[in-house]
Amino acid sequence: MAEANFKPIKKTSVEKMEVKPNLDLEESYKDFDWESLYKQLDWLPGGGLNKAHEAIDRHANGDKRDKIAMIWEGKNGEREDYTFGDMQRLTNKFANILQSLGIQKGDRVFIFMDRLPELYIAFFGALKAGAVVGPLFSAFGPEPVRDRMQDSGAKVLVTQPDLRRKIAEIIPELFDLQHILIVNKDSRDPAPIDPQDLSYHEEMDKASEDFTTVVTGQYDYSIMHYTSGTTGKPKGAVHRHQAVVQQMATGRWALDLHDDDIYWCTADPGWVTGTSYGMLAPWTNGVTQLIYEGGFSASRWYEQIQKHKVTVWYTAPTAIRMLMKAGEEVPTRFDLSSLRYMCSVGEPLNPEAVVWGDDVFGMPFHDNWWQTETGAIMCANYPSMEVRPGSMGKPIPGVQLAIVDEDFNEVPDGEDGNLVVKPGWPSMFHGYWNNAEMYNSRFRKGWYITGDTARKDSDGYFWFVGRADDVINTAGHLVGPFEVESALIEHPAVAEAGVIGKPDEIAMEIVKAFVSLKDGYEESTKLRNEIMRFAREKLSTAIAPREIDFIPSLPKTRSGKIMRRLLKARELGLPEGDTSTLEDD
Ligand code: ATP
Ligand code: MG
């Protein structure tokens, strides 16, 4: 097994910040129930629950009123700070705008914007108005926007001038759309606003700062997110206000958020990590967070950590692999001593990357596992336990995960099977929009089927094997692509690897790998053979790749996930299926 090469890492935040980890895991499993956590929420008068109230108003009404909620750094180096009090005032104004436009509880309000402060204001303002918010990733082209806006029947679109122009051709096809609000941040765009649209800034100037949050209940819908589209057409997962309790709790447990932290989540709000953990987890815990509008570059990212003294950092495997690719010299140019805790989600985190974190930053990346559908972290390497590189950790208290066979019987420890969850966790999605059939198909015999395969070791750690669709059957062995990819990227020349099963008459499938090389390495038959040999030594001959192709970069979703189904379709000359979330080359 690839992970056997890596020793567990024991490090806690106590060493760095003299704080106790928020969760003593073993203790917390005993007699756990969510009731005590629901009691820690503020609630609305009369027993209502609203995410915006829990994230913003409860602090603005209390002693954190003047605490900074959001440090915003723009792509041109601009800086703006917003306290919880500011956020309350501005989100109230936005909620008033929506109400004056006739938006009512349950109406969908979609936001198609870059990471500007106004995105966050519109998001929470819409929740206050009782709307269901749908954030769309700003790199989308017209079609993905049309599909999602049509599917959801959104009545309002909040966007910015350049993005409005990008999707102009599909606007007439949005039959439910009633209003477009344009945010022209700092008058960045010289063109006048289309007369049929509304200016966010003009409306905000007119709107009152007083607003009483629409009373939503814990079961009312709050946010909808389309999934990443890694395995097929994206599905609109709908979440309820009560998800906030798990987002708050996991912010403490898995991200180890403490009052004095400066937290940075690099995910865009167009994806679930960017709202559950780039909005709700830090703010329900009253923690200051950095929002960085700019895109990825290793030095820019390190600069953000240095400049804003980031203490807790939540990012993704693709980004970590890109940082690794940029080399170990780059971080030495920055003072990163503020960092005390680092986490990762979105894809399996190769053990190599966990250990790299430990070497370069003096602390490992803590991997955690969840999905758009689960709404919040379900399984994590916590600060209070040793990190096993390559493992996604242990379930959070109050969540039951299991590994089952095709008949939904639990398999023995150490065996691969389907990863399932006992339904009823607080942040569970409550539907795929307009697709009840698909939603129902995800629940069987008392379990929610995640679509992932994994195994559990005898100490209760979970290890990701692969997407159920990606598992390879070669000469009677079931092989998870992650294990093979992780072995490949241990080779010094390999930056990234994607592994598929290629149909074969004799073996049923053979393992085929696509690798991209680190800067400074040249493709050659010699290098290919060397990587092949290296993989055979790391893995067994049975599961090492039989074929390796070099490619400049792997096809990925815009949220940074390797699209193995595309590698396979291209290899076999088959149709590519839904590519609406495919990243540009
Ligand atoms: P789609 O459902 O549209 O195919 P997707 O499953 O990639 O896309 P998300 O909900 O964004 O959409 O991603 C959740 C999936 O990402 C998980 O089911 C799992 O396959 C993968 N994943 C997330 N975190 C981890 C992790 N820590 N380790 C391994 N896999 C992970
Ligand atoms: Mg999925």
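Every number for a ligand or one of its atoms is a count from 1 in the order of the listing. FYI, side chains are in, hydrogens and waters are out, and symmetry mates aren't considered; it's all heavy atoms of this structure. FYI, the numbering just counts along the sequence from 1.
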Proximal atoms of ligand 1 relative to [X] (non-hydrogen, under 4.0 Å):
{"X": "Gly229", "result": "1 (P), 3 (O), 4 (O), 8 (O)"}
{"X": "Lys561", "result": "7 (O), 9 (P), 11 (O), 13 (O), 14 (C), 15 (C), 16 (O)"}
{"X": "Thr227", "result": "1 (P), 2 (O), 3 (O)"}
{"X": "Lys235", "result": "1 (P), 2 (O), 3 (O)"}

Run down the list Gly375, Pro317, Gly346, Pro348 and name the one with the heavy atom closest to atom 23 (C) of ligand 1.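 Minimum heavy-atom distance to atom 23 (C) of ligand 1 goes to Gly346.
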
Nearest 0.5 Å, what's the [atom1]-[atom2] distance between [X] and [Y]?
{"X": "Glu352", "Y": "Met324", "atom1": "CD", "atom2": "CE", "value": "4.5 Å"}
{"X": "Glu485", "Y": "Glu496", "atom1": "CD", "atom2": "CD", "value": "9.5 Å"}
{"X": "Glu571", "Y": "Leu567", "atom1": "CD", "atom2": "CG", "value": "9.0 Å"}
{"X": "Met149", "Y": "Glu173", "atom1": "CE", "atom2": "CD", "value": "12.0 Å"}

Under 4.0 Å, heavy-atom basis, I'd like to know which part of [X] is in contact with ligand 1: side chain, backbone, both or neither.
{"X": "Trp369", "result": "both"}
{"X": "Asn368", "result": "backbone"}
{"X": "Thr372", "result": "both"}
{"X": "Thr230", "result": "both"}
{"X": "Trp370", "result": "backbone"}
{"X": "Glu347", "result": "backbone"}

Test Ile111 against every option in Leu119, Leu136, Leu157, Thr159 by the side-chain contact (heavy atoms from CB on, under 4.5 Å) rule and name the one that passes.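 Of all the options given, the one that passes is Leu119.
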
Parallel, tilted or perpendicular: rings of Tyr439 and Phe429 (30°, 60°):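 Phe429 and Tyr439: perpendicular rings.
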
Using the six-membered ring wherever Trp is involved, compare the ring planes of Phe365 and Trp356 and label them parallel, tilted or perpendicular (cut-offs 30° and 60°).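 Plane angle under 30°, so parallel.
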
Using a strict threshold of under 4.0 Å (side-chain N to carboxylate O), is an ion pair present between Asp256 and Arg340?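 Counted as a salt bridge, because a side-chain N and a carboxylate O are separated by less than 4.0 Å.
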
Is Asp457 salt-bridged to Arg388, going by a charged N under 4.0 Å from an acidic O?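 Salt bridge flag = yes for Arg388 with Asp457.
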
Does NZ or CZ of Arg148 lie under 6.0 Å from the centre of the six-membered ring of Phe140, at an angle within 45° of the ring axis?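 Satisfied, under 6.0 Å and within 45°.
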
Is any N or O atom of [X], backbone or side chain, closer than 3.5 Å to an N or O atom of ligand 1?
{"X": "Thr450", "result": "no"}
{"X": "Lys233", "result": "no"}
{"X": "Ser344", "result": "no"}
{"X": "Val345", "result": "no"}

When you measure from [atom] to every protein heavy atom, which one gives the shortest distance, and what is it?
{"atom": "atom 4 (O) of ligand 1", "value": "Thr231 OG1, 2.4 Å"}
{"atom": "atom 6 (O) of ligand 1", "value": "Arg467 NH1, 2.7 Å"}
{"atom": "atom 11 (O) of ligand 1", "value": "Ser228 OG, 2.7 Å"}
{"atom": "atom 17 (C) of ligand 1", "value": "Asp452 OD2, 3.2 Å"}

For the aromatic rings, using the six-membered ring if either is Trp, is the centroid distance between Trp253 and Tyr382 under 6.0 Å?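 No, the ring of Trp253 stays outside the 6.0 Å limit from the ring of Tyr382, centre to centre.
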
Of Arg467, Lys556, Arg321, Lys561, the residue whose pairing with Glu347 passes salt bridge (Lys or Arg N to Asp or Glu O under 4.0 Å):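 Output: one option passes, namely Arg321.
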
